[in-house]
Amino acid sequence: MARQRRIANQVDTKLDKGTNSSSSNGSNSTNNRSRKTTSLLSYWKQIIGCIVLGIAVTLGYMGYLETRVNTPFDDKKMVVRGGLEVPEQFWGTYRPGLYFGLKTRDPTSVVTGLMWYFPKRLKPGGDGIRHWCEQGDGLEKYGWLQHDGSTFGVQQIIDGVHVVDTSFVKRLGGSHGGDWTARISVDLKPNFKNQRSQGEDISLVWYTALDEETKGFISLTNSATKLTGIKGESSGLGEFTIKFTNHSGEVLHESFLSTIAPGLHLLKETVVASLRLAQDKPAAPRRIVLAGELLPEAGISKAEPNFVAVQLTGRVPFSVDVVFESGSFGTRQDTLVGETYTKALSWHQARFTQRFEDTFGLQKRGYSPKEVSFAQAALSNMLGGIGYFFGTSKVQNFYTKEPVHYWRAPLYTAVPSRSFFPRGFLWDEGFHGLLISTWDLDVELDIISHWFDLMNVEGWIPREQILGVEALAKIPEEFVVQRNTNANPPTFFLTLQYILKKYYNHLSEGRLATLERLYPRLQAWFSWFNTTQKGSVPGSYRWRGRDPLTNRELNPKTLTSGLDDYPRASHPTESEHHIDLYCWIAIAADTLAKLATLLDRDGYKYEQTADYLKDNDLMDSLHWSNFAERYADYGYHTDSVKLKRPKPLPRSQNQNMEMVRVTLKNPEYRLVDSTFGYVSLFPFLLQILEPDSPKLNQILDDMRNPDLLWTNYGLRSLSKNSPLYMKRNTEHDPPYWRGQIWININFLAVRSLHFYAHTDGPFKEKATKVYRELRGNVIENVMNQYFKTGYLWEQYNDETGEGSGCRPFTGWTALVVMMMGEQY
Ligand SMILES: *[C@@H]1O[C@H](CO)[C@@H](O)[C@H](O)[C@H]1NC(C)=O
Ligand SMILES: *[C@@H]1O[C@H](CO)[C@@H](O)[C@H](O)[C@H]1NC(C)=O
């Protein structure tokens, strides 16, 4: 999603300056008026006093406004237990942007992780070293096959003809989060196994690092007989050791590094800078090794290392156990290594398989073992993609001249894509929550709690979370700032709606207490949406953040809606309003009303707002087009726009000017009803539409029409006959939500079809039929593409069904598991 999302921030800068300037004049004019009424005598005294007071008040008030953007919401914190208070979640694979790494849920965690490379194929500059998930590495496949979000995981990585399996098992004990063991096994792909000569040497680098603020130490341990190990101590972990054991095969060579890395975002660079060529004995082969100790002198002693790494070079196949043991775990019976590890892992795998079947019932529904494995992988990569971040966002409002820092805070969240978007996104997370809460409600409540602790006093939550140096390193500086005028769909209401439905009778005291703390924050969130995103006509709503001045874009993007370049009114004005936002607010009010009932609060005003917005007559009067017979946005619009390259000016140097939009016919205020696609479906997608509305019949027919939205792979985002179907937005921006198939919206469609198929009404039968077809198409295509390409994808091509955009994308694309298990 976010390649285009990110570009938005530049646009937003311009916009906010324009739209907000009127409101800042308010306080000045009051001062003017009070001055006029004063008598002549005291005129000068008064005016000086007034000016001074005026300036002071204005400055004070401005100062107040400036600080509101980064002042936390003033109420009980959502996260009441964190770090070691939740020992079972202390350690985890909370660095989703890495192929394999572990850290703790601790602001200043010791981090540990894996890099690998094939010495024969290492290129200058370290090209060929695998560390962060990079699409450019061109791996045939990688991702968690099993992961329960808490105690163990099994991942498979295919790198050329090699298979690298990484797994881990945790074991609780002591008072610092317990032990874990990770196993890294390297082998050839099955059909290459009889060509052993193909087996190259591979170098595994396992490292441990402290970030700037972690108090403690790490160092290498050596012994004559054993492989090199690491020991250390930190406030969170107490004393610990990490040992390496060759579980199978042979380790040909071992080397190590103990040094100072400039930051957690430069670990690979630090390794690259330390690589040397070495020969053990005159006749021995020359090998690429780590440089050993590289520490500057600090006074008389050496400086303390914050980065230690061990490199094990082995001949394929071989496998290594990395054994982490916590010093305070005194009652340990045996070490989790070798056969003990193998057994523990099998036990966890069997338990996972059972729990998966109990939760989703796929075997019961007749899915084959291969299909069940696919679904397990989809769920597992979402759970294994849950990260723990700590840091501050940069935010800006109209009153702050420069971006300011948000308060430092942790975020426990899933991510859309481990390679491309390894950080938290607000609107994605509400979709993730559906799957995560089906698997483990308490993990989801913890995620929700972390997100709502990021709410400021205005009731705003920044929509993209870039916390910590590792997250920052993945995104260019100019895209980092978040603006408090901008919304994003409040999808957490979807998650809550689902949780209330599914778990209504299973809400323990602890869970209810979480919802109690959440309630005032949801109220503030709702109120922020209901006021700042209000439209110009009663009952209407408008996404902010569109650029009314640009002539670069064919249709100015609406990144705030989450649907980026989906076509809206061609000429953004303050009088437009958006049907998707209307529906989001309606379900937000409805969910708050239900939650109020559960918690025995007075939710009357939410009920009232929900009833008001769910009234189909109001919705129809604002958004239904009798002419086109579909729901649509309203705004200042013309279809007659195109991108054109301007003629160069005479004697101009620049012969190749960028294309600009030209408007061939004047826009007028109207419904944008020549466009048909996801946005037109929202009253149906969010189930605002009455089951007996004839409009439901129309929508079902139009959805099912192959000339409009229907494909054998799911619903395309924009109908083929819409003016901007598959059109570029600028010459540099390819279409994104202009035809491609997206799984989050297809999930909503399948879920709604299921709802209308199970609700009395004249179109029940039709909904049942379309439900079966759409569900089948989406599942089959996502699954086939996975078997063919090794990945779940960000979106799918509407002509061929092929995956496109980034991968792996096991954010909302993983909702296919919910469709398989029919959990809505
Ligand atoms: C690895 O394991 C084998 C036996 O399993 C052993 O002979 C060998 O010395 C071990 N060490 C290395 C460094 O390969
Ligand atoms: C939402 O805003 C409308 C007016 O814009 C107001 O009438 C309504 O009461 C608000 N709802 C809530 C729950 O505050």
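Being a predicted model, the structure only gives us computed values, none of them experimental. Along the sequence shown, residues carry numbers from 1. In listed order, ligands and their atoms are each counted from 1. Every heavy atom of this structure was used, including side-chain atoms; hydrogens, water molecules and symmetry mates were not.
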Student: Report the residues that fulfil salt bridge (charged side-chain N to carboxylate O under 4.0 Å, His left out) with Asp442, sequence neighbours left out, ordered by chain and then residue number.
Tutor: Arg511
Student: Would you kindly say whether Asp639 and Ser674 are connected by a side-chain donor-acceptor distance under 3.5 Å?
Tutor: yes
Student: Report the distance from atom CG of Asp547 to atom CG of Leu559, rounding to the nearest 0.5 Å.
Tutor: 11.0 Å
Student: Using a distance-only test with no angle check, is there a side-chain donor-acceptor pair under 3.5 angstrom linking Tyr498 and Thr438?
Tutor: yes
Student: Quick one: table the atom pairs, ligand 2 N or O against protein N or O, below 3.5 Å, distance rounded to 0.1 Å.
Tutor:
from	atom 1	to	atom 2	distance (Å)
ligand 2	2 (O)	Asn530	OD1	3.2
ligand 2	2 (O)	Asn530	ND2	2.3
ligand 2	11 (N)	Asn530	ND2	3.0
ligand 2	11 (N)	Thr609	OG1	2.9

Student: Applying ring pair (Phe, Tyr, Trp, His ring centres under 6.0 Å), name anything that partners Phe682, two or more places apart in sequence or on another chain.
Tutor: Trp584
Student: Output every pair passing side chain to side chain donor-acceptor pair (under 3.5 Å) with a member in residues 532-542, not counting sequence neighbours, ordered by first then second residue.
Tutor: Asn530-Tyr541
